[in-house]
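Input: a single structure, listed below in structure tokens.
Here the structure is a predicted model, which means the values were calculated and not measured.
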Amino acid sequence: MLMLQVQRWSERPRILALMLAVMLPAVALIGFGLYHLRTIQRDKAIEAAIQRDYQQVLAIAEKRISERAYDIAEEASGQFPSTNDPEHIDTFLKTHPEITHAFVWSGKGMLQFRSHATSDPQLCTESKTLASDFGSWWDIEGKAYITKLRKMGATEGRHVYITDHPLVRDEKMHYSSLVLFLPRGSTPEHPALAGFIYDPEYLKNTFFPPALNDVLPSPSREDKNHPQMAIMVRTEKDKYPLATSASWDGGWPEVQRPFENVFPGLVLGMKLRGTTIASISDRFLRTSFLILGALSLLMGAGMFLMYRNVARELALAKLKSDFVSNVSHELRTPLALIRLYAETLELGRIASSGKQHEYYEIIRKESERLTALINNILDFSRIESGKKEYSFRETDVAELVRSTLESYRFEIEQGGFQLEEKIDN
């Protein structure tokens with residue numbers, strides 16, 4: 001047992017060298033993966049990547065909303081009355097309830113300003129204030145805006161200019177848009193500027209909600225189990241949204257982007273319904289760490305099993321070598337005894353017939369022992385191939401020991417030793 005243990009320890013360096021040759025690349029790969037995940041966790045790379053993607057979504061959303069606003073404004077401006085018929089502005093307002101105020105400016109002191117007919121004193125005051133302000137404003141800036149609109153039409157193909165024009169109602173500032181364009185009948189010789197103001201409630205309740213819903217990417221069948229995007233629009237000064245998509249569930253947007261052209265002063269915001277970007281990042285990192293840990297455990301288990309198998313194969317190879325050595329030694333002993341007794345008989349040194357009979361018996365027993373050893377070798381081959389059949393029977397151990405001692409008695413006595421035995425039956 002001690003010899004076998006020493007042999008296993010002597011084989012261990014070779015096994016460990018083999019394991020290290022296989023394991024070091026895998027450990028290095030897992031270590032690099034762990035370092036990479038730690039770097040992502042520290043630098044919040046996943047959150048940054050998601051935010052960049054959402055910024056692109058918001059940029060596309062802004063472009064689509066702006067195009068929608070331009071299309072609606074272009075259509076309305078095409079229905080605006082000619083400069084030769086400014087009195088039809090009231091008819092235009094009746095057919096466009098989303099527009100609260102409209103005007104035509106054709107020169108200094110020449111402003112036609114109309115508003116929806118209403119008995120609301122606040123709106124009447126608003127109309128008078130706007131008419132006074134616009135009269136002064138266009139007398140100063142009107143020609144500059146006409147030039148700007150002509151350049152836009154020539155370079156961009158746009159015939160309307162949209163900007164913000166907040167309205168104060170109930171002592172609160174309400175966001176609204178002012179649309180400017182060149183009306184029909186405006187010529188370089190007789191330039192004119194027209195425009196209208198959208199009602200704040202129209203933008204809040206009618207324009208933005210469907211526009212926000214339309215710009216959201218449609219979820220595919222594979223994405224139905226993923227968190228749904230939600231989008232909102234708010235003014236730069238307000239914390240609460242002006243309008244939201246149908247999927248908005250409250251809270252604060254995680255990614256925001258200000259409008260650059262059509263709706264200055266407004267901000268687009270986006271978030272995920274029912275979760276956050278940080279939660280998605282944590283879940284991804286947690287899953288990655290778990291997968292990495294599972295791979296490490298599998299690799300460790302594989303290394304352990306490989307160590308056991310290799311150690312077992314090496315031990316088996318060693319046992320086979322020892323078996324061959326031991327069998328050679330065991331075969332040599334009965335052959336030596338047979339030769340010794342045979343030579344003694346051949347030389348005629350034994351005169352007693354009783355002693356000769358004893359030597360013949362020893363030769364027979366050693367030949368039987370040699371046969372048994374050869375059968376054992378054949379049995380080993382059968383055991384290894386799984387074809388060995390066993391026959392169990394009772395054995396007299398005392399007789400087995402006496403027989404074994406008798407086999408070696410002559411060799412022991414020839415060596416100058418005296419053999420005594422005391423075996424309990």
Worked check of side-chain contact (heavy atoms from CB on, under 4.5 Å) between I197 and I99: CA-CA 6 Å; I197 299 176; I99 297 173; 5.9 Å; no
If you draw the axis of the six-membered ring of Y240, does the NZ or CZ of R234 fall within 45° of it and under 6.0 Å from the ring centre? no
Give me the atom names and distance for the closest heavy-atom approach of R150 to T187. NH2-O, 3.4 Å
Less than 4.5 Å apart, any side-chain heavy atom of S115 and any of L123? no
Are the side chain of N213 and the backbone N or O of A246 linked by a donor-acceptor pair below 3.5 Å? yes
To the nearest 0.5 Å, atom CD of Q228 lies from atom CG of L216 at 7.5 Å
Quick one, F263 with I65, criterion side-chain contact (heavy atoms from CB on, under 4.5 Å). Give me CA distance, side-chain angles, the key distance, then yes/no. CA-CA 9 Å; F263 297 105; I65 293 173; 3.9 Å; yes
Quick one about H165 and S176 (side-chain donor to acceptor, distance below 3.5 Å, no hydrogens or angles considered), yes or no? no
Interatomic distance, CZ@R114 vs OG1@T91, rounded to 0.5 Å, equals 10.5 Å
side-chain contact (heavy atoms from CB on, under 4.5 Å) evaluation trace for W105 with Q112: CA-CA 6 Å; W105 178 85; Q112 295 287 335; over 6 Å; no
H116 side chain vs L93 backbone, donor-acceptor pair below 3.5 Å: yes
R169 and D199: salt bridge (Lys or Arg N to Asp or Glu O under 4.0 Å), yes or no, with the steps? CA-CA 11 Å; R169 294 178 180 178; D199 186 79; 3.2 Å; yes
Do the non-hydrogen side-chain atoms of E254 and Q51 ever get within less than 4.5 Å of each other? no
Would the distance check show the side chain of S82 and the main-chain N or O of R184 forming a donor-acceptor pair, the cut-off being under 3.5 Å? yes
Compare all side-chain heavy atoms of R64 with those of D214 and state whether any distance is below 4.5 angstrom. no
Report the relative orientation of the aromatic rings in F92 and F80; use parallel for angles under 30°, tilted for 30 to 60°, perpendicular for over 60°. perpendicular
Can you tell if the side chain of P241 reaches within under 4.5 Å of the side chain of V233, non-hydrogen atoms only? no
Around atom CZ of R308, are there more than 12 heavy atoms from other residues, nucleotides or ligands closer than 6.0 Å? no
CE-CG distance between M270 and D53, expressed to the nearest 0.5 angstrom: 10.5 Å
Closest heavy-atom contact between A73 and F196? O-CZ, 4.2 Å
If you look at every heavy atom in R257 and Q55, which pair is closest and at what distance? CB-OE1, 3.7 Å
For P334 versus L370, what's the shortest heavy-atom pair and its separation? CG-CD1, 4.0 Å
How long is the gap from CG on N375 to OG1 on T371, to the nearest 0.5 Å? 6.5 Å
Expected output: side-chain S77 to main-chain E74 donor-acceptor under 3.5 Å: yes
Strictly by modelled atom types, are H174 and E201 linked by a side-chain donor-acceptor pair under 3.5 Å? no
Can you see whether W248 has K271 sitting over its ring - NZ or CZ less than 6.0 Å from the centre and within 45° of the normal? yes
Decide yes or no for V168 and K172: does some side-chain heavy atom of the first lie under 4.5 Å from some side-chain heavy atom of the second? no
Would you say the side-chain atoms of S367 pair up with the backbone N or O of R364, donor to acceptor, closer than 3.5 Å? yes
Once rounded to the nearest 0.5 Å, what's the spacing between atom CD1 of I338 and atom CD1 of I363? 7.5 Å
Main chain of M229, side chain of R273: is a donor-acceptor contact present, judged purely on distance under 3.5 Å? no
Nearest heavy-atom contact between L203 and P209 is O-CD, 4.2 Å
Quick one: do V160 and L180 satisfy side-chain contact (heavy atoms from CB on, under 4.5 Å)? Show the steps, please. CA-CA 6 Å; V160 297; L180 300 176; over 6 Å; no
With side chains defined as the heavy atoms from C-beta onward, is the minimum distance between E126 and L167 less than 4.5 Å? yes
When you compare the side chain of V104 with that of I89, does any pair of heavy atoms fall below 4.5 Å? yes
Are the side chain of T125 and the backbone of P121 linked by a donor-acceptor contact shorter than 3.5 Å? yes
Partners of F103 by ring pair (Phe, Tyr, Trp, His ring centres under 6.0 Å), sequence neighbours excluded? F134, W138
Taking the basic N atoms (NZ, or NE/NH1/NH2) and the acidic carboxylate oxygens, is any pair closer than 4.0 Å for D139 and K108? no
Heavy-atom closest pair, residues V255 and L58: O-CD1, 3.6 Å
How far apart are the C-alpha atoms of H101 and F113, what are their side-chain angles, what is the distance that settles it, and do they pass the ring pair (Phe, Tyr, Trp, His ring centres under 6.0 Å) test? CA-CA 7 Å; H101 309 286; F113 191 92; 5.7 Å; yes
Stepwise salt bridge (Lys or Arg N to Asp or Glu O under 4.0 Å) test for R369 and E366: CA-CA 5 Å; R369 180 183 172 198; E366 290 302 319; 3.5 Å; yes
When you compare the side chain of L268 with that of I231, does any pair of heavy atoms fall below 4.5 Å? yes
If I take atom CG from residue L149 and atom CG from residue L182, how far apart are they, to the nearest 0.5 angstrom? 5.0 Å
Donor-acceptor contact below 3.5 Å, side chain T287 vs main chain R283: yes
